[in-house]
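Letters go in sequence order (proteins before strands), and every chain restarts at 1.
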Protein chains: 2
Amino acid sequence: MGESIYGLKRTHMCAQLSVDDVGKTVTVMGWCNKSRNLGGVIFVTLRDRTGIIQVVFNDTTDPEIFAKAVPIRSEYVLAVVGEVAKRSPEAINSSLPTGEIEIIAKELRILSSAETPPIYIEEDSDVNEATRLKYRYLDLRRPDMQRNLILRHRVAKIARDYYDENGFIEIETPMLTKSTPEGARDYLVPSRVHPGKFFALPQSPQLFKQLLMVSGFDRYIQIVKCFRDEDLRADRQPEFTQIDLEMSFVNVEDVLTINEGFIKKVFKEAIDVDLETPFLRMPYREAMERFGSDKPDIRFGFELVNLSDLAENCGFKVFADAVKNGGSVRAINAKGCGSKFSRKEIDALGEFVKTYGAKGLAWIVVGEKEHKSPITKFFSEDEVNAILARVEAEPGDLICFIADKNQVVYDSLGQLRVEVARKLGLLDDKEFKFLWVTEFPLFEYDEEEKRYVAKHHPFTSPMDEDIELLDTDPSKVRAKAYDIVLNGTEIGGGSIRIHSQELQTKMFKLLGFTEKDAWDRFGFLLEAFKYGTPPHGGMAFGLDRLIMLMAGRNSIRDVIAFPKGQNASCLMSNAPDVVDPKQLEELKIKFDL
Amino acid sequence: MGESIYGLKRTHMCAQLSVDDVGKTVTVMGWCNKSRNLGGVIFVTLRDRTGIIQVVFNDTTDPEIFAKAVPIRSEYVLAVVGEVAKRSPEAINSSLPTGEIEIIAKELRILSSAETPPIYIEEDSDVNEATRLKYRYLDLRRPDMQRNLILRHRVAKIARDYYDENGFIEIETPMLTKSTPEGARDYLVPSRVHPGKFFALPQSPQLFKQLLMVSGFDRYIQIVKCFRDEDLRADRQPEFTQIDLEMSFVNVEDVLTINEGFIKKVFKEAIDVDLETPFLRMPYREAMERFGSDKPDIRFGFELVNLSDLAENCGFKVFADAVKNGGSVRAINAKGCGSKFSRKEIDALGEFVKTYGAKGLAWIVVGEKEHKSPITKFFSEDEVNAILARVEAEPGDLICFIADKNQVVYDSLGQLRVEVARKLGLLDDKEFKFLWVTEFPLFEYDEEEKRYVAKHHPFTSPMDEDIELLDTDPSKVRAKAYDIVLNGTEIGGGSIRIHSQELQTKMFKLLGFTEKDAWDRFGFLLEAFKYGTPPHGGMAFGLDRLIMLMAGRNSIRDVIAFPKGQNASCLMSNAPDVVDPKQLEELKIKFDL
């Protein structure tokens, strides 16, 4: 089989037909979703990208055509010419957009036959992921997978419309660039013309987009592939897509405003969700204090409460020592969970926080008169009351305490509040809560290398107010850097860059770059900065992650057409693979396996 | 220097201001194009992406501000607040859109100073290309380079609008794929997780876009980077961009119609050129016969004329033997060139055709009674007259003949006619003549490997009418393949694919693929074809080349932001380069230099 479409022209997509078309002769083409042969009548549901329509071969059909329809099986590709008719009342399928009509076939061509596919072509098929990846071209026939990719198309289109309206020029940057071994590992591309040398695939267009600002393009946008040779997790791919942008003559607020405008528009137009702008802007310091995280999930409360002052001199040594050693004691009030969680569940929370470095979880189940708790015995009644008042405890509440170094307290409690919310069913993936986290620290102290490293990248500008602190106390310097967070996931971030050569030189010094280092890695950018650099800044959105959240999916693989599996390989195409020895010779490469 | 923009907000781009804005206080930011200090008054032309505006510091300016303006030099980055005023009549510059107005400065900030740039920032700067590439970020400040990239942005935007309106879904395909060593060389990416194995960067998304048709997406589009590790020429880059598309349930005419619709729209909206559609469709056979080329330039005539029947038994042995040996004798009539070209110029044409394999050029300068020619003496008068009648010769014409194997005749005469047109000034890059060349041969015979190879790729479908010839005379089989040609340059091409497994198997056999070969290279596509393959076909446009022609440029480097230089290296960023030995260890790579 393999008839041609010669002479036939499709008139409609399957689900474009409706009762308004009854009586018309139409030509549809698509895949057989199901065929049922009831003896004198054959029903074939025909499927294309728009949906499904029922085709009927019955006693009004030419017997030759009817006979042709008999061998039709699932996934056969068909062309049908027929008349649109109303279904009889008992045959109406109200769950289908085309459920009131059917096509009475007059002509049929079997364009392709099909073997029985190893995957059911249906919504939310319960097939293991390895099979889905190996037969990706079948997995992508499923309606939910098609919807994901069509959503992705729409979001990218809306992005380009929006940024174009706002004066952004889309400019392509090179894929074959120079390795800058920082951040993640680079994927390398050996050069045949210069054996022994490599290109690298870009981790981001960062340096090029800054050059485009130096070149005077004013506003740049690109929806572009980026590459990181890292170990993969559920939400990471070796190649991923960013909506990458840069602007000139702007400050932080200008960047945030333009970009939340995009988010508002795309959520409305792509998934019909209304968002209020401006989004909350929360400084890093506050995000850590209140939520223990620089990407807080603000769909629910359970904010962190600082009890260090009460704990410092209390009777519980664990608490007191934590504070004395420079750490803190903080708690969340899991409202009503005292009643809801069993002892076993509370113990499970204790195990949970250990994965974030806590030694354990101290807790109080608040009662009317008496409280259940392994720690209240260490406190006086006044101390307990002061603590409970601070966390605004009511009977039935579960108070969870972590006492440790700040980083452990923030991590554990920050994750614990999300875990509690999850258990209580408070994480609704159709509720979209955004915020900007701003004023990130400029530096982090790297314990291994015993020096300050840039928390973002070496071109990130300090806040004007903190410039003097660069000389006196770098750890306190805040950056003009910002992340955009959706439901506890960071979906983008960026910063205003340094445009003063003097300040840039100072930054490199503070980061421990020798002048040679700086020029080796960033030479052409530093050279460019000599010739008139405008104030500039920008950001990038992780498009895969954004689509995943908009589509309500858990894995970015579900919003990428041909993703890699867990060991950075493509199960479908067998990449990576060995190559012809001739190719290795041309590159002068040998392996030392 | 390096003042911040704190407190200032740009109100207008430089060339957005006009006489309608006189009296307004505005804030502009940009680069100093030129500054002139005439003692009591300083003129600064300020430049941004939109153009230029004159800023004036005079005796109404606060002396502190005036003093600040004194050190301003070219390429300093400035922010100016001032009042828009009419220029005095003698100062009006009618060649500038803002030539009637100027800004009387009230406030000035020098955001960046600049060293003297090594490139003049002006239209069509006469700088050698190596310098332009090394200081690309300065080269890109030039108005013509900015126009090129803004045109590119606009064309890509219009493409996405058009194809979206026509039901095409933009889907990203992988960059890290499997090497298919055919066509050009692949760029390889060594795998760290699977040492000894490689990914390849895709030469095109061909296999993936066909899978997307198998998946039922119906219409796919992508503006995507493709990679070929070939030796570069003026019009080739290691990475280049295609507008890549595929459609289901279509025949050749459907593909051509949709795509010439795009071309018509983009030429109108991007460069205000009206094109007549449908474009001419010319079968390959006819293109070769009439123009000696499968990508004919139809801006002018000088079509090839076949004289083989007259030459076969004529007195000139060179002509007669060519025909007897299976070749041909053809000529072009270079109208009026007999008078226009000197003997020296005609000899130069003789050298010209040798570069295409011809042994030499036979020619006749047509006279009223007598002709000038090195060959007329070999013919009878009747033979000469028959030849001249065939080519419709008139006095003053130059008739150029090539007698040889067909391939040499076509190549030489095909190129000669273009060369003659060039010399006569007939190649106007503002005249845009399109055509589709269709019905390409399915096979070429590879002299080296002594077998048929696919002229396009092994999935290209034969024309229905020629299917029986596959068994009897493959060399005569025409493909459902088409190229789109603009002014003698191929800017895109594609084909309808084979969707019948039976036919595909037959094709592989004819191409000399063993079943193992076919499965090694294309296994996952062949597997996919088992599960219901729709009729499908598509094409790709070379976006770089298209923009180059629309912009009237000669080199694709002028329409790419950061192109590679001639040895596939980036002069600006020093890529490719050596990498850290640690990176090589992780990949287990050694070099055998």
### Message
Applying side-chain contact (heavy atoms from CB on, under 4.5 Å) to Lys225(A) and Lys225(B), what does each step give before you reach the verdict?
### Response
CA-CA 10 Å; Lys225(A) 278 281 175 70; Lys225(B) 279 279 174 69; over 6 Å; no
### Task
Under 4.5 Å heavy-atom distance to chain B, tell me which part of Arg160(A) shows up: side chain, backbone, both or neither.
both
### Query
chain A heavy atoms under 4.5 Å from Ile496(B): which part of the residue, side chain, backbone, both or neither?
neither
### Query
Just one of Leu111(B), Asp48(B), Val28(B) clears the side chain to side chain contact (heavy atoms under 4.5 Å, CB included) bar with Phe249(A), so which one?
Leu111(B)
### Message
Are the side chains of Cys570(A) and Phe199(B) in contact, using a 4.5 Å heavy-atom criterion?
### Response
no
### Task
Begin from the C-alpha positions of Lys134(A) and Phe524(B) and carry the test side-chain contact (heavy atoms from CB on, under 4.5 Å) through to its verdict.
CA-CA 9 Å; Lys134(A) 184 161 156 56; Phe524(B) 63 99; over 6 Å; no
### Query
Any side-chain donor-acceptor pair under 3.5 Å between Asp577(A) and His194(B)?
no
### Message
Is Glu527(A) in contact with chain B via its backbone, its side chain, both, or neither, using a 4.5 Å heavy-atom distance?
### Response
both
#### Entry: Minimum side-chain heavy-atom gap Leu212(B)-Phe562(A) below 4.5 Å
yes
#### Entry: N-O pairing of Arg154(A) and Asp164(B) below 4.0 Å
yes
### Message
Any non-hydrogen side-chain atom of Glu170(B) less than 4.5 Å from a side-chain atom of Lys157(A)?
### Response
no
### Contact class of Asp464(A) relative to chain B, heavy atoms under 4.5 angstrom
side chain
### Heavy-atom proximity to chain B below 4.5 Å, by part of Val193(A)
side chain
### Message
With a 4.5 angstrom heavy-atom cut-off, is it the side chain or the backbone of Ala528(A) that approaches chain B, or both, or neither?
### Response
both
### Message
So for Ile119(A), is it side chain, backbone, both, or neither that comes closer than 4.5 Å to the heavy atoms of chain B?
### Response
neither
### Query
Between Leu543(B), Ile560(B), Leu149(B), which is the residue that forms a side chain to side chain contact (heavy atoms under 4.5 Å, CB included) with Glu172(A)?
Leu543(B)
### Message
Are the side chains of Met13(A) and Asp218(B) in contact, using a 4.5 Å heavy-atom criterion?
### Response
yes
### Query
Going by heavy atoms in the side chains, are Ile169(A) and Arg152(B) under 4.5 Å from each other?
no
### Task
Count the heavy-atom pairs under 4.5 Å between each of Thr241(B), Leu584(B), Ile498(B) and chain A, then report the option with the highest count.
Thr241(B)
### Message
Centre-to-centre under 6.0 Å for Phe198(B) and Phe591(A), is that the case here?
### Response
yes
### Message
Any salt bridge linking Lys588(A) with Asp592(B)? Criterion: basic side-chain nitrogen under 4.0 Å from a carboxylate oxygen.
### Response
no
### Task
State, yes or no, whether a side-chain contact exists between Leu176(B) and Tyr187(A) at a heavy-atom distance under 4.5 Å.
yes
### Task
Measure the spacing between CZ of Phe208(A) and OH of Tyr137(B) and express it to the nearest 0.5 Å.
12.0 Å
### Task
Find out whether Val189(B) and Leu188(A) are in side-chain contact, i.e. whether some heavy atom of one side chain is under 4.5 Å from a heavy atom of the other.
no
